[in-house]
Visitor: 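One structure coming up, written as structure tokens, with questions to follow.
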Amino acid sequence: MVPGIRQSEVRVEPDFGAIRKVLIVDDSRLQRRILAASLKKWGFEVLEAENGEQAIAICRLEQPDLVLSDWVMPGMGGLEFCKAFRELESRHYSYFILLTAKSEKQEVARGLDTGADDFLIKPLEADELRARIAAGARILLMQRELSEKNQLIEAALEELRLAHDAIDKDLMQARKIQESLVPELKASFGASKVSLLLKPCGHIGGDLVGMFSPGANRLGFYSIDVSGHGITSAMMTARLGGYLSSKHFDQNVAMEQRFNSFYALLPPEEVAKVLNSRLMADTGIEEYFTMAYATVDLRNGHLKMVQAGHPHPLLLRRDGSTEFLGDGGLPIGLLPDAPFQQTDVFLEPGDRLLLYSDGFTECRLLNGSLLDETGLQRMALECAATLAEGSEFLDDLFWQLTQAMSPKGGMDDDVSAVFFEYNGP
């Protein structure tokens, strides 16, 4: 029997795995020796201090796993020492038990508020002390396991952050490359004009717009929407940008060189068939795209158009009337030998044509509904009423869209458009 500590007949060996080093803080040398004897017998490394100041000095050099501190001591008492101990920088959490003759609930609450984890009422019983230390060891074990897991999570998050930064940098570069596919957002062809709008919902998108003219009075322009979003769709737009190049006519599938002297525009439905056959010939590609592609003879306003699954282009007549063009059609890249039909219409000077992606018509509004064609028609007429032209018309249209869309959904799809203003030969 250890003097000052009552022994019990039943002895259950607890697990002290998380506690190796114990600091005893007590101004009574006898009490320290009694406690130290029991702790050493149980396998602990024991440190001793006769007051709070000395204990703080020890803790700055080596951190104990467990602190057993008397409440009442000269100088820095147990509560002050506990508070100072918790303010020290530490590698891991330490369990703190206050030893006291106080049993009042208010006093216990004060100790817990200061940072103590547990209390033991003097005189101490060996079995209770061992049980309290074992309970502290379990808490420390769980805390350190949690700390280790948190460190692993922090390391993983840091790796993810670095990976995200690298991807973000690549996507920013990819965006610059994609923007280079549309070098000009507006151009004049005689008295007529073409304006382009391209607003990806992310860094990069699956929409593509463009225009090209192989010679005077001959003009082609298109609006394309590749299925899906992100990198795969953007790679497809880059490929299509090469197929419909405005700089390299020899690579443009919408043109044909004749007599080794000039390039002619192919009929739109033939262009759709060529693009469809090329896409179907590539194995492993699951993406498809919708397209509205039109050519116009600026001398007489004869517009030829193919609509391949794309939203119906909106024709704004100079007299204020409107109509949607096209019969729908199949997207490109879904079926081999898919049929494509051409729509013919003659424009009068002052007529305007809007090609747009479904980022407009399928935009979620504040009331939860979709904008649809009727809503787009209304917005377009409002923009036309302000006499806005070219890029200003498209900017106003996009601004109206952003004001009408639901703030929860935001832009969840790319938005793009081509605005053609015909003003005669």
Visitor: Are the side chains of Ile56 and Met76 in touch, meaning some heavy atoms are under 4.5 Å apart?
Guide: yes
Visitor: Is the shortest heavy-atom distance from the side chain of Leu298 to the side chain of Arg218 under 4.5 Å?
Guide: no
Visitor: Tell me, please, which residues at least two apart from Phe44 pass ring-ring contact (aromatic ring centres under 6.0 Å, His included).
Guide: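 Result, ring-ring contact (aromatic ring centres under 6.0 Å, His included) vs Phe44: Phe16.
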Visitor: How many angstroms lie between OG in Ser195 and CG in Leu185, if you round to the nearest 0.5 Å?
Guide: 8.5 Å
Visitor: Using modelled atom types only, decide if a donor and an acceptor are shared between the side chain of Arg318 and the backbone of Arg352 within a distance under 3.5 Å.
Guide: no
Visitor: Identify the residue among Leu79, Leu112, Ile121 that makes a side chain to side chain contact (heavy atoms under 4.5 Å, CB included) with Leu98.
Guide: Leu79
Visitor: Any non-hydrogen side-chain atom of Leu196 less than 4.5 Å from a side-chain atom of Phe419?
Guide: no
Visitor: Closer than 3.5 angstrom, by distance alone: can the side chain of Asp351 be matched with the main-chain N or O of Tyr422 as a donor-acceptor pair?
Guide: no
Visitor: Under a 4.5 Å cut-off applied to non-hydrogen side-chain atoms, are Thr295 and Leu266 in contact?
Guide: no
Visitor: Pairing donors with acceptors under 3.5 angstrom, does anything connect the side chains of Tyr288 and Asp225?
Guide: no
Visitor: Indicate the atoms forming the closest heavy-atom contact of Pro313 with Ala292, along with that distance.
Guide: CG-CB, 4.2 Å
Visitor: The criterion is side-chain contact (heavy atoms from CB on, under 4.5 Å); which residues satisfy it with Glu148, sequence neighbours excluded?
Guide: none
Visitor: Report yes or no: does His312 contribute a side-chain atom to a donor-acceptor pair with the main-chain N or O of Phe324 at less than 3.5 Å?
Guide: no
Visitor: Taking all atoms of both residues into account, what is the closest heavy-atom pair of Ala55 and Leu23, and its distance?
Guide: CB-CD2, 4.1 Å
Visitor: Just do the side chain to side chain contact (heavy atoms under 4.5 Å, CB included) check on Phe289 and Glu287 with the steps written out, would you?
Guide: CA-CA 7 Å; Phe289 64 92; Glu287 283 68 33; over 6 Å; no
Visitor: Using a strict cut-off of less than 4.0 Å between a Lys/Arg side-chain nitrogen and an Asp/Glu carboxylate oxygen, indicate whether Asp297 and Arg299 qualify as a salt bridge.
Guide: yes
Visitor: To the nearest 0.5 Å, what is the distance between CG (Leu99) and CD1 (Ile24)?
Guide: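 One finds 9.0 Å between CG of Leu99 and CD1 of Ile24.
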Visitor: Hey, is the main chain of Gly115 close enough, under 3.5 Å, to the side chain of Arg86 for a donor-acceptor pair?
Guide: yes
Visitor: Any side-chain donor-acceptor pair under 3.5 Å between Gln251 and Ser245?
Guide: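 Looking only at side-chain atoms, Ser245 and Gln251 do not form any donor-acceptor pair under 3.5 Å.
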Visitor: Could you tell me whether Asp327 atom CG has more than 12 heavy atoms of other residues or ligands within 6.0 Å of it?
Guide: no
Visitor: Between CG of Leu129 and CG of Leu120, what distance do you get to the nearest 0.5 Å?
Guide: 6.0 Å
Visitor: Hey, is the main chain of Phe212 close enough, under 3.5 Å, to the side chain of Ser246 for a donor-acceptor pair?
Guide: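 Looks like no, no N/O pair under 3.5 Å.
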Visitor: Just checking, any donor-acceptor pair under 3.5 angstrom between side chains of His92 and Ser147?
Guide: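 No pair is found: no donor N or O on one side chain lies under 3.5 Å from an acceptor on the other.
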Visitor: What I'd like to find out is whether the side chain of Asp118 reaches to under 4.5 Å of the side chain of Phe96, using heavy atoms alone.
Guide: no
Visitor: What pair of heavy atoms forms the shortest contact from Asp207 to Ser357, and how long is it?
Guide: OD2-OG, 3.0 Å
Visitor: Please round to the nearest 0.5 Å and tell me the distance separating atom CZ of Phe393 and atom CD of Glu421.
Guide: 8.5 Å
Visitor: Near Lys21 NZ, under 6.0 Å, is it more than 12 heavy atoms from other residues, nucleotides or ligands?
Guide: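 Atom NZ in Lys21 is crowded, with more than 12 foreign heavy atoms closer than 6.0 Å.
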Visitor: Report yes or no: does Glu362 contribute a side-chain atom to a donor-acceptor pair with the main-chain N or O of Leu371 at less than 3.5 Å?
Guide: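 No: the side chain of Glu362 does not pair with the backbone of Leu371.
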Visitor: Keeping Asp414 on the side-chain end and Cys201 on the backbone end, is there a donor-acceptor pair under 3.5 Å?
Guide: yes
Visitor: Any chance you could lay out the side chain to side chain contact (heavy atoms under 4.5 Å, CB included) test for Gln400 and Glu382, step after step, and finish with the verdict?
Guide: CA-CA 10 Å; Gln400 285 199 42; Glu382 290 176 2; 2.8 Å; yes
Visitor: With no hydrogens and no angle check, just 3.5 Å: does a side-chain donor-acceptor pair link Asp344 and His302?
Guide: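 Distance-only check passes for Asp344 and His302.
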Visitor: Heavy-atom distance under 4.5 Å between the side chains of Tyr293 and Val418, does that happen here?
Guide: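 The answer is no; the side chains never approach within 4.5 Å.
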Visitor: Within this structure, what is the CD-CG distance for the pair Glu145 and Leu140, rounded to the nearest 0.5 Å?
Guide: 11.0 Å
Visitor: Write down the atom of Met405, the atom of Thr402, and the distance for their closest heavy-atom approach.
Guide: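 So the minimum-distance heavy-atom pair works out to CG-O, 3.4 Å.
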Visitor: Less than 4.0 Å between a side-chain N and a carboxylate O, is that true for Arg161 and Glu158?
Guide: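 A salt bridge is present here (some side-chain N lies under 4.0 Å from a carboxylate O).
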Visitor: Hey, does the side chain of Arg317 reach the backbone of Ser321 with a donor-acceptor pair shorter than 3.5 angstrom?
Guide: no
Visitor: Kindly say whether His310 contributes a backbone atom to a donor-acceptor pair with the side chain of Gln307 at under 3.5 angstrom?
Guide: yes
Visitor: Working to the nearest 0.5 Å, report the span between CD1 of Ile97 and CZ of Phe119.
Guide: 10.5 Å
Visitor: Within 45° of the six-membered ring axis of Phe420 and under 6.0 Å from that ring's centre, is NZ or CZ of Lys193 located there?
Guide: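 No cation-pi geometry.
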Visitor: Just checking, any donor-acceptor pair under 3.5 angstrom between side chains of Ser94 and Asp65?
Guide: no
Visitor: Side chains of Phe85 and Cys59: does their closest heavy-atom pair fall under 4.5 Å?
Guide: yes
Visitor: Find out whether Leu354 and Leu397 are in side-chain contact, i.e. whether some heavy atom of one side chain is under 4.5 Å from a heavy atom of the other.
Guide: yes
Visitor: Give a yes or no on whether a salt bridge exists between Glu269 and Lys304, defined as a side-chain N under 4.0 angstrom from a carboxylate O.
Guide: no
Visitor: If only atom types and distance count, is the side chain of Thr237 paired as donor or acceptor with the main-chain N or O of Leu208 below 3.5 Å?
Guide: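 Looks like no, no N/O pair under 3.5 Å.
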Visitor: Minimum heavy-atom separation for Leu330 and Pro339, please, with both atom names.
Guide: CD1-CD, 4.3 Å
Visitor: Is it true that, when you exclude Asp337 itself, more than 12 heavy atoms of the residues, nucleotides or ligands shown sit nearer than 6.0 Å to its CG?
Guide: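 Open.
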Visitor: Look at the aromatic rings of Phe360 and Tyr356 and report parallel, tilted or perpendicular, splitting at 30° and 60°.
Guide: perpendicular
Visitor: Provide the closest heavy-atom pair for Ala18 versus Arg144 in the form atom of the first, atom of the second, distance.
Guide: O-NH1, 2.8 Å
Visitor: Quick one: list whatever passes salt bridge (charged side-chain N to carboxylate O under 4.0 Å, His left out) with Glu128, sequence neighbours left out.
Guide: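 With sequence neighbours excluded, Glu128 shows a salt bridge (charged side-chain N to carboxylate O under 4.0 Å, His left out) to Arg132, given in chain and number order.
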Visitor: Tell me, please, whether Tyr243 has Arg278 positioned over its six-membered ring: NZ or CZ under 6.0 Å from the ring centre and within 45 degrees of its axis?
Guide: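 Relative to the ring axis of Tyr243, which defines the angle, Arg278 lies inside both limits.
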Visitor: Within a 6.0 Å radius of atom CD on Gln341, are there more than 12 heavy atoms belonging to other residues, nucleotides or ligands?
Guide: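 Not buried by this count: 12 neighbours or fewer within 6.0 Å.
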